Q: 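Provided herewith is a single structure, encoded as structure tokens, for subsequent inquiry.
Below, chain A is the first sequence line, B the second, and so on; all start at residue 1. Because the structure is predicted, anything quoted here is derived from the model rather than measured.
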Amino acid sequence: DAKTTQPTSMDCAEGRAANLPCNHSTISGNEYVYWYRQIHSQGPQYIIHGLKNNETNEMASLIITEDRKSSTLILPHATLRDTAVYYCIVKHNNNDMRFGAGTRLTVKP
Amino acid sequence: NAGVTQTPKFQVLKTGQSMTLQCAQDMNHNSMYWYRQDPGMGLRLIYYSASEGTTDKGEVPNGYNVSRLNKREFSLRLESAAPSQTSVYFCASSDLTRVNEQFFGPGTRLTVL
């Protein structure tokens, strides 16, 4: 499975867009990009996933570069409740998801 | 629907004691998982069960056993607890037909003295 690299931490102003990057330069053709987040002490929560096309749902947008070597999770209007650790995971199926350390996003008033 | 439930929420054990963590889901999911999360770290997969009657090792299986009791329930057993097993344990489930989403329980906070 492809490894991912994410910044350790990021800050974002409330109401602004939060753009969380993820590098996955060794991704293979059948591997999906998943994003989860974990709000303090809770179980992780699924956000979005994609293969090669950009995806959008009610929570976020996922932008995947054309070569698929990196992606960006966009929270369009961050709120204080979006403060969490965000995990980018690359996997070809749903079993054996490997969570790294993730990016700690702090949304500030 | 309750989703994924875990019992107990908190537990303190002495070294060498045994215990079983219980997990149940009411979403009719085929797959279930056990993870552990140490302070400041991401989750690590202990065991998973792709479907009823099957179990497979994950990244950190040593010191644990699992039982997929039926489609709803997946238990994790510590036969002889060690301080290194102090962690938060999360159970999750997913539907194999959708390559996307695992649903997580609230976690069990285990301390081994």
Q: A quick test of your reading: do over 12 heavy atoms of other residues, nucleotides or ligands sit less than 6.0 Å from CZ of A/R104?
A: no
Q: Using non-hydrogen atoms only, which part of B/R44 is less than 4.5 Å away from chain A: side chain, backbone, both, or neither?
A: neither
Q: Do the side chains of B/F103 and A/Y46 get nearer than 4.5 Å, heavy atoms only?
A: no
Q: Would you say A/I63 ends up clustered with A/V90 if hydrophobic residues are merged whenever their side chains have heavy atoms under 4.5 Å apart, either directly or through other cluster members?
A: no
Q: Taking transitive links into account, so neighbours of neighbours count too, which hydrophobic residues share a cluster with B/V12 at under 4.5 Å side-chain distance?
A: B/L113
Q: Do B/E101 and A/H49 make a side-chain contact, defined as non-hydrogen atoms from C-beta onward lying under 4.5 Å apart?
A: no
Q: Which residues in residues 65-74 of chain B have any heavy atom closer than 4.5 Å to a heavy atom of chain A?
A: none
Q: When you compare the side chain of B/Q102 with that of A/P44, does any pair of heavy atoms fall below 4.5 Å?
A: no
Q: Following the transitive rule for hydrophobic clusters with a side-chain heavy-atom cut-off under 4.5 Å over Ile, Leu, Val, Met, Phe, Trp and Tyr, establish whether B/V60 and B/Y89 coincide in one cluster.
A: yes
Q: Are B/L78 and B/Y33 linked, directly or through other ILVMFWY residues, by side chains that come within less than 4.5 angstrom of each other?
A: no
Q: Is there a side-chain contact between A/Q38 and B/F90 (heavy atoms, below 4.5 Å)?
A: yes
Q: Are B/L43 and B/Y64 linked, directly or through intermediate hydrophobic residues, by side-chain heavy-atom contacts shorter than 4.5 Å (ILVMFWY only)?
A: no
Q: When the aromatic ring centroids of A/F99 and B/Y35 are compared, is their separation below 6.0 Å?
A: yes
Q: Considering only heavy atoms, which portion of B/Q6 lies under 4.5 Å from any heavy atom of chain A: side chain, backbone, both, or neither?
A: neither
Q: Treating Ile, Leu, Val, Met, Phe, Trp and Tyr as nodes and any side-chain heavy-atom pair under 4.5 angstrom as an edge, say whether A/I74 and A/Y34 lie in one connected cluster.
A: no
Q: Considering residues, nucleotides and ligands other than A/R16, do more than 12 of their heavy atoms fall under 6.0 Å from its CZ?
A: no
